[in-house]
Amino acid sequence: MIRTRFAPSPTGYMHIGNLRTALYEFLIAKSQGGSFILRIEDTDQERFVEGATDVIYKTLEMSGITHDEGPDIGGDYGPYVQSERKNDYIEYAKQLIEKGEAYYCFCTKERLDSLKTEAGSETITHYDRHCLSLSKEEIEQNLKNGVPFVIRQKIKDGTTTFHDEVYGSITVDNSELEDQILIKADGYPTYNFANVIDDHLMNITHVVRGSEYLSSTPKYNLLYEAFGWDIPTYIHLPAVMKDQHHKLSKRNGDASFQDLVAKGYLPEAIINYIALLGWSPSINQEIFTMDELIKIFDIKGLSKSPAIFDIVKLTWMNGEYIKKMDADKFYEAALPYLKESVKSPVDLKMLAGFIQSRIGTFNDIAEMVDFVDTLPEYSPELYIHKKMKTTLENSLVSLEKAVPFLKEQTEWTNDALYENLVALAKEMEIKNGQILWPIRTALSGKPTSPCGATELCVLLGKDETIRRLEKGIELLS
Ligand code: GLU
């Protein structure tokens, strides 16, 4: 059975690339009837950010990415948390020491720093294996005296080759790999070690993660080999980019899931969008529910080239989701935004109906309805519309006709008003647009409005309609 895991380190908020990794892991497992596991990799105490685990948890929950198992937390499955399993890892490291695949290292920070200085660089250099040559007695003496130590992996000579489902076959000369630390001086395992141990213990079949881990993978494989364990299938994902040259990154404060939700994007739309960020379905379709994604997801559609996060496309997709929302649900979701922008006593449910198919995100609402409370100052040019064949002159004539006509209307409904105004246009021997466009303009004061002339009349009510039309006449006279 396929088993995947999402293994985030709680070091800040959840950016889009991370969420995409989680989504693909979830889809790979679910599309094959497998299990998806959540594992918090928090053994790097220095990078730990308070509250970050909650953000991960909440984001996955809102996204519909639910894990299948974990320790019992009062009737629910919690995630596996590495810091809670700290002591298990040391036992595994000791097994490696016995096998001659790892060793104690007692080098001080000063000694390690001096290696860097000798090499003339702050960043490079591999550990020089000084402690590999310590005698058994020296090691025992040091341990007995409580000399601080780390445990290092002993990288063997030769080359390491592995297959990645996205990147193909990769070979690395082991001389490029350092004897990496497995257990740190504080007793915690490094991320690199705990990750391998847990992937094995949790029977993970498919390891899915960012391509930045491609270069560490040979080291992991040498660990699997040292233990005699099966190597999982690897699926490394190309980065999600902000543009051609820059990665989306938490450090630069690029969009996180939370930010997008706060900006009025729907979780389902975000998930749908990021599913397509580096994966193409086998059919020509863009809008997918999570269930549809589960049915159709196939790793063959994963791309090797970096994907660019396109907010315009996401906004379009979000608009498609908003359009498809049940009208009552949309009203409920839009109400806080509408109440924020509209204080006059208009029918907000009606207004919600007008805007539903016209917004990309909920944050577009404010700008779309700003004319309701206050008619904006606008230029007479707005009355001129080529296709409608409206001019400043004929618009004035139409408004002057419309005011007394509308004053007389007793049935103030969209259907009745529309029918009667069309009849009036006929009587005036003008096109419908030549009366409707000037009314729409006078009522909204904007080049676009969320609904047509007669709908605006109904929304604003008779008094306000007449007042705004008279203002229009004033402007055009
Ligand atoms: N803890 C690692 C991270 O947050 C996970 C890498 C992996 O999935 O193996 O990037």
Side-chain angles (χ1 to χ4, degrees), residues 258-267 269 315 318-319 321-383 395 399 402-418 420-421 435-476:
Q258 278 75 22
D259 292 339
L260 291 172
V261 171
K263 283 184 186 155
Y265 292 91
L266 296 164
T315 307
N318 200 58
Y321 271 81
I322 290 177
K323 269 184 218 160
K324 285 204 308 198
M325 276 174 94
D326 167 81
D328 286 339
K329 273 232 167 81
F330 173 74
Y331 172 58
E332 212 177 284
L335 198 56
Y337 297 85
L338 287 170
K339 279 191 172 157
E340 180 78 27
S341 305
V342 180
K343 307 288 179 207
S344 43
V346 300
D347 183 343
L348 293 181
K349 192 154 194 185
M350 181 191 293
L351 183 55
F354 295 149
I355 61 176
Q356 182 168 2
S357 62
R358 288 180 161 83
I359 55 170
T361 75
F362 287 91
N363 278 6
D364 293 345
I365 292 178
E367 210 238 287
M368 190 157 285
V369 302
D370 59 2
F371 70 94
V372 176
D373 280 2
T374 327
L375 179 68
E377 294 282 331
Y378 63 96
S379 149
E381 302 292 311
L382 286 189
Y383 284 95
S395 293
L399 290 187
V403 168
F405 183 81
L406 288 173
K407 273 186 183 165
E408 272 169 28
Q409 299 300 311
T410 48
E411 203 183 326
W412 201 258
T413 63
N414 186 40
D415 288 349
L417 290 174
Y418 186 80
N420 293 340
L421 282 171
I435 189 145
L436 296 173
W437 182 260
I439 293 177
R440 194 211 62 78
T441 305
L443 296 186
S444 67
K446 298 177 81 174
T448 58
S449 51
C451 54
T454 51
E455 289 165 326
L456 285 173
C457 291
V458 178
L459 179 75
L460 296 171
K462 195 167 184 173
D463 291 350
E464 183 63 11
T465 298
I466 303 296
R467 201 184 67 77
R468 292 190 182 195
L469 294 179
E470 282 171 345
K471 264 203 136 166
I473 293 173
E474 227 171 82
L475 188 69
L476 291 169

Legend entry - Nearest atoms (heavy-atom pairs only) where Ala442 meets Tyr378: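 For Ala442 and Tyr378, the tightest heavy-atom pair comes out as CA-OH, 3.7 Å.
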
Output the distance between atom [atom1] ([X]) and atom [atom2] ([Y]), rounded to the nearest 0.5 Å.
{"X": "Leu476", "Y": "Glu474", "atom1": "CG", "atom2": "CD", "value": "10.5 Å"}
{"X": "Phe405", "Y": "Ile439", "atom1": "CZ", "atom2": "CD1", "value": "9.0 Å"}
{"X": "Ile322", "Y": "Ile365", "atom1": "CD1", "atom2": "CD1", "value": "7.0 Å"}
{"X": "Phe354", "Y": "Asp347", "atom1": "CZ", "atom2": "CG", "value": "8.5 Å"}
{"X": "Lys446", "Y": "Met368", "atom1": "NZ", "atom2": "CE", "value": "7.5 Å"}

Do any N or O atoms from the side chain of [X] and from the backbone of [Y] form a donor-acceptor pair under 3.5 angstrom?
{"X": "Glu411", "Y": "Leu417", "result": "no"}
{"X": "Gln356", "Y": "Met325", "result": "yes"}
{"X": "Asn318", "Y": "Leu266", "result": "yes"}

Legend entry - Within-4.5 Å side-chain heavy-atom neighbours: Ile359 and Tyr337: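 A side-chain contact under 4.5 Å is absent here.
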
Inset, instruction - Could you check if a side-chain atom of Glu470 sits within less than 4.5 angstrom of a side-chain atom of Leu399, using non-hydrogen atoms only? - result: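 A side-chain contact under 4.5 Å is absent here.
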
Inset, instruction - Dump the intermediate steps for side-chain contact (heavy atoms from CB on, under 4.5 Å) on Leu456 and Ser444, then the final yes or no. - result: CA-CA 8 Å; Leu456 285 173; Ser444 67; 4.3 Å; yes

Between side-chain atoms of residues 460-468 and protein atoms elsewhere (two or more places apart, or another chain), which donor-acceptor pairs fall under 3.5 Å?
{"unit_1": "Lys462", "atom_1": "NZ", "unit_2": "Lys407", "atom_2": "O", "d": "2.8"}
{"unit_1": "Lys462", "atom_1": "NZ", "unit_2": "Gln409", "atom_2": "O", "d": "2.5"}
{"unit_1": "Glu464", "atom_1": "OE1", "unit_2": "Arg467", "atom_2": "NE", "d": "3.0"}
{"unit_1": "Glu464", "atom_1": "OE2", "unit_2": "Arg467", "atom_2": "NH2", "d": "2.9"}
{"unit_1": "Glu464", "atom_1": "OE2", "unit_2": "Arg468", "atom_2": "NE", "d": "2.7"}
{"unit_1": "Glu464", "atom_1": "OE2", "unit_2": "Arg468", "atom_2": "NH2", "d": "3.2"}
{"unit_1": "Thr465", "atom_1": "OG1", "unit_2": "Cys457", "atom_2": "O", "d": "3.4"}
{"unit_1": "Thr465", "atom_1": "OG1", "unit_2": "Gly461", "atom_2": "O", "d": "2.6"}
{"unit_1": "Arg468", "atom_1": "NH1", "unit_2": "Phe371", "atom_2": "O", "d": "2.9"}
{"unit_1": "Arg468", "atom_1": "NH1", "unit_2": "Leu443", "atom_2": "O", "d": "2.7"}
{"unit_1": "Arg468", "atom_1": "NH2", "unit_2": "Phe371", "atom_2": "O", "d": "3.1"}
{"unit_1": "Arg468", "atom_1": "NH2", "unit_2": "Val372", "atom_2": "O", "d": "2.9"}

Legend entry - Phe330/Tyr321 under ring-ring contact (aromatic ring centres under 6.0 Å, His included): CA gap, chis, key distance, verdict: CA-CA 10 Å; Phe330 173 74; Tyr321 271 81; over 10 Å; no

Inset, instruction - Indicate whether the side chain of Thr413 and that of Tyr418 have a donor and an acceptor atom separated by less than 3.5 Å. - result: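 Per modelled atom types, Thr413 and Tyr418 side chains form no pair under 3.5 Å.
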
Inset, instruction - Evaluate the side-chain contact (heavy atoms from CB on, under 4.5 Å) criterion for residues Leu348 and Lys339: first the C-alpha distance (whole Å), next the side-chain angles of each, then the deciding distance (0.1 Å), finally the verdict. - result: CA-CA 8 Å; Leu348 293 181; Lys339 279 191 172 157; 4.0 Å; yes

